[in-house]
Amino acid sequence: MKTKIDYFDYDTLLQPTDWRFAAAVVGLCKYFDYFGIDYKVLYDVEEKPDNYIHGFDGIIYKSEDITEEKYLEFAENYFEKYMTHKNILNILKSQEFSEEQIKLVNDLVKSKTVLKGLFDKIKFDGTNKDIFISTIEENRAEIIKNIFKNGNNLYKNYCNERLIFTEDNSTCRLRGYNVDKDRKTNNLGFCFSKESFESNDILEFDFIPFAFSNSDMREAYFVNNNFSVKSLTQTNYAFSNQLSSTENKDDKNKLMLVLQNSKDYISYDVEIISKSQDKAYYETFFVRLERLKKLRELSGKSLNFVKKINDDYWFNLEKEVYMRCMNNILLDDVILKMFKFFYFEESEKKNSKAISEIRKTQKNIMYKIGLLVDINVSWKGNEIMDEIKSAKSCGFLTSKKLIEMKSSNKINSYKQKIISALCAHDYDRAKEIILSLSAYVGMEFSFFYTFLENAEENKDLAFAFASALSEVSSKSNEENN
């Protein structure tokens, strides 16, 4: 909430009452720190302003310190690597230019509409660098503003670019909050009354792009832990740094890995705001400490497995498990999908000469399934963990017995029947198959009684048993698992 105050030489108080104001606070703190502008943190002053909102920290500052000239200079510095004119000026520092450098300067000019307009009839040839330097310096503010407001990963990703550094707007400038005032807006208000629609917008929302994490990611994040200004700034600084140092992962996976290692600065329930370049609105999800602890327990688990489903979708096991963990969703469907991948590889054996590679992949899938079953059971409360171990042991011993009986071909046959029944949620059929296998090998499966009581609730037992059925000896399986 932005409040006008009369507090010594300061006239404005901004408090993080919702995520928009919290992000604006973080962006403004970076702006003030960059220029060395004096401001106060509400919790740090003994004498509070008269009309502040109790229960929220905030920053106290002079509104006159926020100017468009300084704002653009800050944007140029903060997003320096995206400022095309800065790249051109860096090249022009040379005394002599290669053909490659000359071409690069001209290509950079063509890449931005504002630069093409300024150098419409001028082409860099290596001898006219002074013209380029002077033109850029004379029009620097215009260049910065156009590059910044039209950058898909810059201002345009977060706000309506036509409203940059404007005030008294009828609707909020943020993407997803903004409404085209030239179109009909009756449907926005109560009882289709335009007058009943309320919106707030402040100039300080222009600082929100500086609060979100790494702009080189397709999806950027802001952690709204608005307990204090200190926690807001420090958490988002640490969060952004960890995202930057996490390599070779897509954005959502990066987020999960960073959350997994965030115990030093996130130890409570927290709200995370995300903004994707592919979406015209912000998204939010609530990270509960209970689920965050579960996520951290996954650290060190070998969940690396990727499978191409089609040109538009790759199945990423690690990502699937992490997202289900955060959303408190069990892994039943993921386990079944992994079994399907196993049988897809089985069908490929008939059409491929690389049998050893396929068997290696199948072995890896079975190991992952065993791991997923353990995770799934732990999320359910570990009540049948002893039975899970028993089911795996029965699977290993059954495989060994079938091999001794010269019936190793029946291992995959029974496994496929069990999984097919589970995929169809036909638990009676799954019971029949397991019972039939027990009779065939002459062994009693101790886990079966628990499965018999409530097959749907205890299907992890069948998952564990099926994952342990393998065409190698139980000893080999135990060593590999």
Side-chain angles (χ1 to χ4, degrees), residues 1-7 10-34 37 39-45 48-67 70-71 74-75 78 155 157-160 163-179 197-213 220-237 239-240 266 268-275 281-287:
M1 178 66 70
K2 179 179 178 180
T3 308
K4 287 296 179 182
I5 59 173
D6 183 9
Y7 184 79
Y10 304 95
D11 62 3
T12 309
L13 167 64
L14 188 65
Q15 295 182 268
T17 50
D18 73 25
W19 79 262
R20 296 173 302 163
F21 293 96
V25 165
V26 173
L28 266 174
C29 287
K30 292 180 180 180
Y31 168 84
F32 290 144
D33 291 340
Y34 174 75
I37 295 171
Y39 67 98
K40 304 289 185 186
V41 176
L42 183 62
Y43 280 0
D44 293 344
V45 297
K48 313 293 185 190
D50 292 334
N51 49 345
Y52 77 99
I53 300 174
H54 292 264
F56 289 96
D57 197 4
I59 55 174
I60 303 167
Y61 56 94
K62 303 172 189 175
S63 58
E64 65 184 27
D65 287 331
I66 301 174
T67 66
K70 280 189 171 68
Y71 178 80
F74 176 58
Y78 194 87
Y155 187 87
N157 185 39
Y158 304 95
C159 308
N160 184 335
L163 301 179
I164 187 171
F165 222 82
T166 58
E167 296 189 79
D168 302 321
N169 296 309
S170 58
T171 60
C172 182
R173 70 192 66 207
L174 299 184
R175 294 288 178 192
Y177 293 79
N178 185 246
V179 179
F197 172 71
E198 288 189 12
S199 176
N200 54 46
D201 182 68
I202 58 173
L203 176 64
E204 284 79 357
F205 285 166
D206 273 346
F207 289 88
I208 285 177
F210 305 99
F212 274 74
S213 64
Y221 304 99
F222 171 72
V223 183
N224 182 28
N225 59 337
N226 57 349
F227 294 106
S228 68
V229 170
K230 182 179 179 180
S231 65
L232 265 175
T233 53
Q234 290 184 350
T235 295
N236 281 284
Y237 177 78
F239 196 75
S240 186
I266 298 179
Y268 36 75
D269 295 350
V270 72
E271 179 187 33
I272 294 182
I273 314 299
S274 68
K275 180 61 181 72
Y281 52 86
Y282 293 83
E283 294 179 296
T284 181
F285 64 96
F286 201 71
V287 179

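No side-chain heavy atom of Y282 sits under 4.5 Å from any side-chain heavy atom of F222. Side-chain atoms of V41 and K230, non-hydrogen and from C-beta on, never get closer than 4.5 Å to each other.
The structure places CZ of F21 at 12.0 Å from CG of N226, a figure rounded to the nearest 0.5 Å. Residue Y61 holds its OH atom at 13.0 Å from OH of Y10, rounded to the nearest 0.5 Å. A distance of 5.5 Å separates CD1 of I60 from CG of L13, quoted to the nearest 0.5 Å. Rounding to the nearest 0.5 Å places SG of C172 at 10.5 Å from CG of N160.
When each of N225, L232, V26 is tested with P16 by the rule side chain to side chain contact (heavy atoms under 4.5 Å, CB included), just one qualifies, namely L232.
Using bins of under 30°, 30° to 60° and over 60° for the plane-to-plane angle, the ring pair F210/Y78 lands in the perpendicular bin.
Within a 6.0 Å radius of CZ in F285, other residues, nucleotides and ligands contribute more than 12 heavy atoms.
You'll find the ring centres of Y281 and Y177 outside the 6.0 Å limit. Annotation: Y52 is in aromatic contact with H54 [ring centroid separation under 6.0 Å].
Formation of a donor-acceptor pair under 3.5 Å by the N236 side chain with backbone atoms of V223 is found in this model.
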* To do: Could you check N51 against T3 for side chain to side chain donor-acceptor pair (under 3.5 Å), going step by step and ending with a plain yes or no?
  => CA-CA 8 Å; N51 49 345; T3 308; 5.6 Å; no

* To do: Would you please test R175 and Y158 for side-chain contact (heavy atoms from CB on, under 4.5 Å) and show each step?
  => CA-CA 6 Å; R175 294 288 178 192; Y158 304 95; 5.6 Å; no

